[in-house]
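Structure, as C-alpha cells:
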Amino acid sequence: MKKLLAILMILALACGCAFAEEAADEEDAISSVTLKPITQLPEVETQDNGILVVYFSPDDTTRAAAYVIASGLNAGLFEIVPEELYTEEDLDYMDSFSRSMQEMRSKDARPAIAALPEDLSKYDTILLGYPIWGGQAPKIMLTFVESADLSGKTVVPFCTSNSSEFGSSDKDLKKAAGDSVTWKKGGRIKKGASAEEIARWVQEELLAPEE
Ligand SMILES: Cc1cc2nc3c(=O)[nH]c(=O)nc-3n(C[C@H](O)[C@H](O)[C@H](O)COP(=O)(O)O)c2cc1C
C-alpha cells in the first residue's frame with residue numbers, strides 16, 4: 001500500500017495530477033521519495049505477465065508515467081540510464097551547442113547505456129517510454145533498440161513532451177528495430193493526466209489491437 005502511495009505521489013509531483021491533494025499531508029514522504037535517485041525509489045516488482053516498461057527520463061516526467069503504467073499493468077520496469085548522466089546544462093534545449101542538442105543533430109550519435117536488461121526472454125511486450133527531444137526520440141533510445149534483443153517482441157512506444165504530439169518521433173526506432181519486431185502505434189501522455197486516466201488509456205488505446 002505504501003509502495004502504491006509513493007508511486008502515486010511521484011506522478012502527482014511530475015504531472016500535477018489529482019493525487020496531489022490526497023498526498024498533501026504526506027509532504028515529508030514525498031520529498032524523501034522524489035529527491036532520491038531511481039535506485040532508491042520504491043520498486044515495481046517484475047511480474048510474470050510478459051510486459052516490461054522500459055524508459056529513459058533524465059528529468060523525471062517519463063519516469064513518473066512509467067511507474068504508473070508498470071504498476072497499473074503489473075509489469076516489470078527498467079530504466080535506461082546513460083553511462084554519462086545528463087546535467088542541467090546538457091538538457092538546455094535553448095542552447096544549440098548543449099550536449100542534447102548536439103546529439104539530436106548528429107545522425108550517428110549513440111550515447112552509451114550503463115546496463116541493458118539482463119533477461120528479456122520472459123517478455124513478449126515492451127512499452128518503450130521517452131521524452132520528446134526536438135520532435136524526436138532521444139538518440140539513446142536508438143542505442144537501446146540497436147543493442148537489446150527485441151526480435152519476436154511487440155514494442156509499444158510512448159512519450160512525454162511539453163507540447164509536441166507523438167508524431168513520427170519513433171520513426172528511426174522502428175526502422176532500427178527491423179522486421180523481426182512488431183512495432184505498434186505509439187502515443188503521448190498528456191500533462192495533468194491522473195494515474196487512473198493513464199492506466200485506462202494504456203489498456204484501452206495504447207495496448208488495444210490495431211484495426
Ligand atoms: C533537449 C530537449 C529537447 C526538447 N524538445 C521538445 C520538443 O521538441 N517538444 C516538446 O514538446 N518538448 C520538448 N522538450 C521537453 C520534454 O519533452 C518534456 O519536458 C519531457 O516531458 C521531459 O521528460 P523527462 O522529464 O522524462 O526527461 C525537450 C526537452 C529537452 C531536454
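Every number for a ligand or one of its atoms is a count from 1 in the order of the listing.
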### Query
Which residue owns the protein heavy atom closest to atom 22 (C) of ligand 1, what's the atom, and how far is it?
Pro131 CB, 3.5 Å
### Task
Could you check atom 18 (C) of ligand 1 against the protein and tell me its nearest heavy-atom contact, residue, atom and distance included?
Asn162 OD1, 3.4 Å
### Query
Hey, are the side chains of Phe144 and Tyr130 touching, using non-hydrogen atoms and a 4.5 Å cut-off?
no
#### Entry: Part of Ser100 within contact of ligand 1 (heavy atoms, under 4.0 Å)
side chain
### Task
Look only at interatomic distance and state if Leu91 has a nitrogen or oxygen under 3.5 Å from any nitrogen or oxygen of ligand 1.
no
#### Entry: Cluster check Tyr93, Leu91: I/L/V/M/F/W/Y, side chain < 4.5 angstrom
no
#### Entry: Enumerated ligand 1 atoms positioned under 4.0 Å from heavy atoms of Gly134
3 (C), 4 (C), 5 (N), 6 (C), 7 (C), 8 (O)
### Task
Using a strict 4.0 Å cut-off to heavy atoms of Ser163, name the atoms of ligand 1 that fall inside it.
10 (C), 11 (O)
### Query
Between Trp201 and Phe158, does the ring centroid distance fall short of 6.0 Å?
no
### Query
Less than 3.5 Å between some nitrogen or oxygen of Arg63 and one of ligand 1, yes or no?
no
### Task
Would you please say whether a donor-acceptor pair under 3.5 Å links the side chains of Thr154 and Thr125?
no
### Option among Glu103, Met101, Lys139 that satisfies the side chain to side chain contact (heavy atoms under 4.5 Å, CB included) test with Trp133
Glu103
### Task
Could you say whether the N/O atoms of Tyr93 and ligand 1 ever approach to under 3.5 Å?
no
#### Entry: Backbone of Ser161 reached by a side-chain donor or acceptor of Ser164 within 3.5 Å
no
### Query
Any N or O on Thr62 sitting closer than 3.5 Å to an N or O of ligand 1?
yes
### Message
Heavy atoms only, cut-off 4.0 Å: how does Thr160 contact ligand 1, side chain, backbone, both, or neither?
### Response
both
